[in-house]
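A short write-up of the structure that comes next.
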Amino acid sequence: MTASIPPREESPLGSTPALVLVAHGSRDPRALSTVRALMARVRELRPGLPVHLGHIELNEPRLQDTLTQLGPGEAVLVPLLLARGYHVKQDIPEMAAESRARTRVAPPLGPHPLLVETLYDRLVEAGWRTRMDDRTRRASAVVLAAAGSRDPESRLDTTRTAHLLAARLGVPVIPAYASAATPTVPEAIRALRARGHHRVAVASCFTAPGRFATQCAEQAPWIASAPLGAHPAMTRLILHRYDQTLATNGGVISLRGAGNCATSPHAPALAPKPHPANA
């Protein structure tokens with residue numbers, strides 16, 4: 001399953017807005033190396049596009065510092081997050097609004113067929129059979145392990161990703177969460193076993209390694225896939241969100257002092273939300 005990348009959209013002044021990858025941040029050193037590898041692949045796929053990195057917390061560079069370095073330049077902020085939630089709807093737009101940069105904020109990476117393509121490939125790498133007889137298929141199922149959020153729209157997005165993955169695999173897929181939402185991964189595994197599914201895999205719906213991804217993988221009764229990482233489909237998805245945001249939101253947003261705040265073209269109006277547990 002593939003999706004084409006639309007032609008790059010030029011800014012009104014003819015210059016190319018920078019792409020800023022917005023990562024959550026993690027104390028796991030593998031997370032930073034993974035995000036840097038993903039950034040390198042984006043640069044390879046779109047030569048000449050200015051690509052920068054900023055973290056919400058825990059790692060350097062921080063998003064505020066990256067935006068400060070951009071000065072009054074234009075940028076599209078692409079969250080390396082897989083569903084809507086507090087960071088996408090509150091933290092990132094607020095940080096963007098406080099900077100001098102003229103910014104647009106893209107939607108999160110999920111749900112999207114390219115995300116599902118990555119999840120599928122990671123499961124196959126972990127040992128998922130691409131061909132099964134009927135008996136094996138009836139016994140198989142997947143838990144889609146995600147970070148979790150109290151925001152109901154986050155759960156809707158993760159559930160949609162689970163439905164898309166189920167259609168790709170041809171087996172049941174239940175979303176489960178590491179924090180802030182239910183069911184938990186162990187609860188989802190028990191529910192599937194109660195339905196007669198004895199081959200339960202855990203699909204890691206995390207951009208990079210970290211505490212939550214490790215904990216969820218350790219709970220797998222069978223195989224657990226690796227985090228999404230610098231998969232080629234993730235690179236295409238990032239560029240798709242960048243191009244999509246330029247194409248669907250022609251006006252420059254978030255110019256400090258102009259009374260505007262950064263918004264995603266697909267996000268609802270900002271409203272205070274309970275802050276989810278950190279990854």
| said: What I want to find out is whether E57 reaches R62 closely enough, with some N-O distance under 4.0 Å, to be called a salt bridge. | reply: no
| Nearest heavy atoms of T34 and A230, plus distance in Å | CG2-N, 4.4 Å
| query | Does any N or O in the side chain of T207 come within less than 3.5 Å of the main-chain N or O of L80, such that one atom is a donor and the other an acceptor? | reply | yes
| task | Give a yes or no on whether R36 atom CZ has more than 12 heavy-atom contacts from other residues, nucleotides or ligands under 6.0 Å away. | result | no
| message | If hydrophobic clusters are built from ILVMFWY residues whose side chains come within less than 4.5 Å, do L192 and I223 share one? | response | no
| Should P107 and R241 count as side-chain neighbours, where that means a heavy-atom distance under 4.5 Å? | yes
| Whether D157 side chain and P111 backbone form a donor-acceptor pair below 3.5 Å | no
| query | Is it the case that one hydrophobic cluster holds both V143 and Y177, taking links as side-chain heavy atoms less than 4.5 Å apart, direct or via other members? | reply | no
| query | Is there a donor-acceptor pair closer than 3.5 Å between any side-chain N or O of R122 and the backbone N or O of S204? | reply | no
| said: Is any side-chain heavy atom of D91 closer than 4.5 Å to one of Y86? | reply: yes
| task | Report the C-alpha separation of Q215 and Q219 in whole Å, then their side-chain angles, then the decisive distance to 0.1 Å, and conclude whether the side chain to side chain donor-acceptor pair (under 3.5 Å) test is met. | result | CA-CA 7 Å; Q215 290 175 350; Q219 294 163 342; over 6 Å; no
| task | In sequence, state the C-alpha distance, the side-chain angles, and the governing distance for L70 and V20, and then conclude on side chain to side chain contact (heavy atoms under 4.5 Å, CB included). | result | CA-CA 10 Å; L70 288 175; V20 178; 3.9 Å; yes
| said: Return the CZ to CZ distance between R155 and R84, rounded to the nearest 0.5 Å. | reply: 12.0 Å
| Same hydrophobic cluster for L109 and V35, using side-chain heavy-atom links shorter than 4.5 Å among ILVMFWY? | yes
| said: Testing the basics here: between A96 and L77, what is the closest heavy-atom pair and its distance to 0.1 Å? | reply: CB-CD2, 4.0 Å
| said: For D151, is there any backbone N or O sitting under 3.5 Å from a side-chain donor or acceptor partner on S149? | reply: yes
| task | Would you please test L45 and R236 for side chain to side chain contact (heavy atoms under 4.5 Å, CB included) and show each step? | result | CA-CA 8 Å; L45 195 59; R236 300 200 306 274; 4.0 Å; yes
| said: Which heavy atom of P183 sits nearest to which heavy atom of I174, and what is that distance? | reply: CG-CG2, 4.4 Å
| remark: Interatomic distance, CG@L63 vs CG@L53, rounded to 0.5 Å, equals 9.0 Å
| query | With a 4.0 Å cut-off, would you call R168 and E117 a salt bridge? | reply | no
| query | Under a single-linkage definition using a 4.5 Å side-chain heavy-atom cutoff for Ile, Leu, Val, Met, Phe, Trp and Tyr, are L123 and L114 assigned to the same hydrophobic cluster? | reply | yes
| Would a hydrophobic clustering, with Ile, Leu, Val, Met, Phe, Trp and Tyr connected at side-chain separations under 4.5 Å, put V116 with L169? | yes
| query | Under a 4.5 Å cut-off applied to non-hydrogen side-chain atoms, are P172 and H197 in contact? | reply | yes
| task | Check the surroundings of atom CZ in R160: do more than 12 heavy atoms from other residues, nucleotides or ligands lie under 6.0 Å from it? | result | no
| Charged N to carboxylate O under 4.0 angstrom, D243 versus R46? | yes
| CG-NE2 distance between L164 and H112, expressed to the nearest 0.5 angstrom | 10.0 Å
| field | Check ion pair R30-D28 (N to O, under 4.0 angstrom) | value | yes
| said: Under the side-chain contact (heavy atoms from CB on, under 4.5 Å) test against V22, which residue among V78, I56, V88 passes? | reply: I56
| request: Decide yes or no on side chain to side chain contact (heavy atoms under 4.5 Å, CB included) for Q69 and H52, but give the supporting numbers first. | output: CA-CA 10 Å; Q69 292 176 359; H52 305 273; 5.8 Å; no
| Non-hydrogen atoms of P72 and R102 that approach each other most closely | O-NE, 3.1 Å
| note | Distance col, row M234:CE vs L119:CG, nearest 0.5 angstrom, shows 8.5 Å
| Any side-chain heavy-atom pair of L49 and R43 under 4.5 Å | no
| remark: Between the CG atom in L81 and the CD1 atom in I92, the distance rounded to the nearest 0.5 Å is 5.5 Å
| request: Quick one: do H55 and H24 satisfy ring-ring contact (aromatic ring centres under 6.0 Å, His included)? Show the steps, please. | output: CA-CA 5 Å; H55 292 89; H24 181 278; 9.3 Å; no
| request: Kindly state each residue pair satisfying ring pair (Phe, Tyr, Trp, His ring centres under 6.0 Å) with at least one member in residues 114-159, sequence neighbours excluded. | output: W128-W222
| task | List the steps, then state whether side chain to side chain contact (heavy atoms under 4.5 Å, CB included) holds for L165 with L115. | result | CA-CA 9 Å; L165 184 59; L115 175 59; over 6 Å; no
| Are the side chains of T158 and L82 in touch, meaning some heavy atoms are under 4.5 Å apart? | no
| Can you find a pair of side-chain heavy atoms, one from C216 and one from F206, that are under 4.5 Å apart? | yes
| field | Exercise: identify the closest heavy-atom pair between S140 and V171 | value | O-CB, 3.7 Å
| So how far is it from E74 CD to T103 OG1, rounded to the nearest 0.5 Å? | 10.0 Å
| said: Do L246 and P17 have side chains that approach each other closer than 4.5 Å (heavy atoms only, starting at C-beta)? | reply: yes
| query | Taking S154 for the side chain and R150 for the main chain, is one N or O donor matched with an acceptor at less than 3.5 Å? | reply | no
| query | Is the closest side-chain heavy-atom distance between V142 and V200 below 4.5 Å? | reply | no
| said: Give me the atom names and distance for the closest heavy-atom approach of P209 to A31. | reply: O-CB, 3.3 Å
